[in-house]
Amino acid sequence: MVFDAEQFSRPSLEMAPLLLGSILSRDGVSVRITEVEAYLGESDPGSHAFRGITRRTSTMYGPPGHVYAYFSYGMHVCANVVCSPEGTASAVLLRGGEIVSGVAEARQRRTTARNDRDLARGPARLTRALGILLTDDTSDLNAAPFDLELAASPVIFMTGPRTGVAGVGGGINFPWRFWIPGEESVSPYRRHPRG
DNA sequence: ACGATGATAATCT
DNA sequence: GATTATCATCGTT
């Protein structure tokens with residue numbers, strides 16, 4: 001046990017900045033988290049759980065400190081940390097990080113990465129570098145093959161609009177993206193044309 | 001540096 | 001059948 005799962009019984013908006021600087025390991029590769037996004041659940045128009053519980057979102061209603069993994073754009077896996085008590089949907093999407101050990105392993109999984117900076121820059125790249133699959137959905141982060149070490153002390157961070165969220169949930173009314181300023185592994189901000 | 005585009009499939013309506 | 005919490009690649013500055 002490397003963290004107290006009770007810590008994640010709070011809303012994802014509170015947990016998101018605390019995950020910055022934390023180290024997530026899986027199967028020989030360790031990533032220092034540098035960018036995340038908070039999703040509040042049923043009250044959040046940008047959240048998968050906005051329209052209630054479905055087969056996919058049921059994990060977000062599960063116990064905190066577990067993995068919510070979903071399949072995206074036909075070829076990518078993205079990973080969240082479930083927050084809030086069981087029964088309440090809330091999660092923090094892991095958007096990017098820096099490989100701090102197991103670079104060779106990560107490179108084997110991320111053969112298209114041209115440099116080490118790109119190994120885990122972006123949510124789908126991060127899961128790929130760690131070897132996270134759809135079958136890791138609902139996994140406990142306190143048990144093998146995972147290991148999560150929360151940052152010992154709070155980190156300086158910045159906030160802004162969430163990336164890639166369509167509709168009203170993506171506007172500046174929901175500045176729920178958090179990142180460590182100056183980090184190479186933080187994805188550049190992109191404006192998304194909305195038709 | 002940035003913008004456009006195709007790839008590709010689980011989930012939901 | 002539509003939508004999508006994306007990435008790699010190619011083109012242009």
Side-chain angles (χ1 to χ4, degrees), chain A residues 11-13 15-17 19-20 24 31 33-62 66-84 89-99 106-139 158-179 182-195:
Chain A
S12 54
L13 208 47
M15 288 311 303
L19 279 167
L20 294 175
L24 175 62
V31 168
I33 305 297
T34 58
E35 181 182 1
V36 300
E37 279 174 4
Y39 289 86
L40 274 290
E42 296 183 353
S43 62
D44 175 6
S47 173
H48 287 163
F50 183 55
R51 287 178 179 80
I53 189 166
T54 64
R55 173 163 54 219
R56 181 175 64 164
T57 63
S58 64
T59 308
M60 286 180 76
Y61 292 80
H66 285 231
V67 177
Y68 166 44
Y70 66 91
F71 204 73
S72 176
Y73 288 99
M75 59 194 115
H76 302 303
V77 176
C78 296
N80 301 248
V81 179
V82 175
C83 300
S84 291
S90 172
V92 176
L93 171 68
L94 306 177
R95 285 201 57 90
E98 161 196 21
I99 309 287
R107 276 200 155 282
Q108 282 187 354
R109 296 169 177 150
R110 294 270 301 112
T111 54
T112 56
R114 301 197 165 202
N115 49 58
D116 287 355
R117 175 191 77 166
D118 286 345
L119 284 174
R121 181 175 71 150
R125 292 163 168 177
L126 183 146
T127 57
R128 193 86 190 259
L130 285 171
I132 295 176
L133 306 171
L134 214 44
T135 51
D136 285 305
D137 186 46
T138 73
S139 292
M158 303 188 75
T159 67
R162 292 179 292 192
T163 306
V165 178
V168 35
I172 59 169
N173 295 326
F174 302 88
W176 295 342
R177 176 170 169 243
F178 302 77
W179 69 93
E183 287 289 337
E184 293 281 301
S185 55
V186 174
S187 57
Y189 175 72
R190 286 188 302 229
R191 218 167 80 91
H192 280 245
R194 312 266 184 253

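By convention in this document, chain letters (A, B, ...) are assigned in the order of the sequence lines, proteins followed by strands, and residues within each chain are numbered from 1.
Counting all heavy atoms, side chain and backbone alike, A:T34 lies closest to A:S185 at OG1-OG, 2.8 Å. For A:I132 against A:D136, the heavy-atom pair with the smallest separation is CA-OD2, 3.3 Å.
No engagement by A:R114 is indicated, since no non-hydrogen atom pair under 4.0 Å with the nucleic acid exists. Residue A:G169 is classed as having no contact, given no heavy-atom separation below 4.0 Å to the nucleic acid.
Within residues 118-132 of chain A, the residues that have a heavy atom under 4.0 Å from DNA chain C are, in order of number, A:G122, A:P123, A:A124, A:R125.
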Dot-bracket encoding of pairs in DNA chain C, which uses [ ] for pseudoknotted crossings and | for another strand, Watson-Crick or G-U under 3.5 angstrom: ||||.|||||||.

Pair A:F71-A:V77, side-chain contact (heavy atoms from CB on, under 4.5 Å): steps then yes or no: CA-CA 5 Å; A:F71 204 73; A:V77 176; 4.0 Å; yes

Step-by-step side-chain contact (heavy atoms from CB on, under 4.5 Å) determination, A:F178 to A:L19: CA-CA 10 Å; A:F178 302 77; A:L19 279 167; over 6 Å; no

A:L40 and A:F174: CA distance, side-chain angles, deciding distance, side-chain contact (heavy atoms from CB on, under 4.5 Å) verdict: CA-CA 10 Å; A:L40 274 290; A:F174 302 88; over 6 Å; no

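Residues A:W179 and A:M158 form a side-chain contact, since some pair of their non-hydrogen atoms from C-beta on lies under 4.5 Å apart.
When the P atom of C:dA5 is taken as reference, atom OH of A:Y39 falls 7 Å away, rounded to whole Å. The distance between atom CG of A:L94 and atom C1' of C:dT6, rounded to the nearest whole Å, is 15 Å. Put simply, CE on A:M60 is 12 Å from P on C:dA5, counting in whole angstrom units. Look at CG on A:L40: it is 16 Å from P on C:dA5, rounded to the nearest Å. As a whole-Å value, the separation of A:H48 NE2 from C:dT3 P is 15 Å. Rounded to whole Å, the distance from CG on A:L19 to P on C:dA5 is 20 Å.
Residues satisfying the side-chain contact (heavy atoms from CB on, under 4.5 Å) test with A:D116, not counting sequence neighbours, are A:V103, A:R107, A:L119. With sequence neighbours left out, A:R128 forms a side chain to side chain donor-acceptor pair (under 3.5 Å) with no residue at all.
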Where protein sits on nucleotides 7-13 of chain B, one letter per nucleotide: B base, S sugar-phosphate only, - none, heavy atoms under 4.0 Å: BBBSSS-

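Environment of CZ in A:R51: sparse, with no more than 12 heavy atoms of neighbouring residues, nucleotides or ligands closer than 6.0 Å.
Residue pairs meeting the salt bridge (charged side-chain N to carboxylate O under 4.0 Å, His left out) criterion with at least one member in residues 40-50 of chain A, sequence neighbours excluded: A:D44-A:R162.
For A:R110 and A:T112, the side-chain atoms include at least one donor-acceptor pair closer than 3.5 Å.
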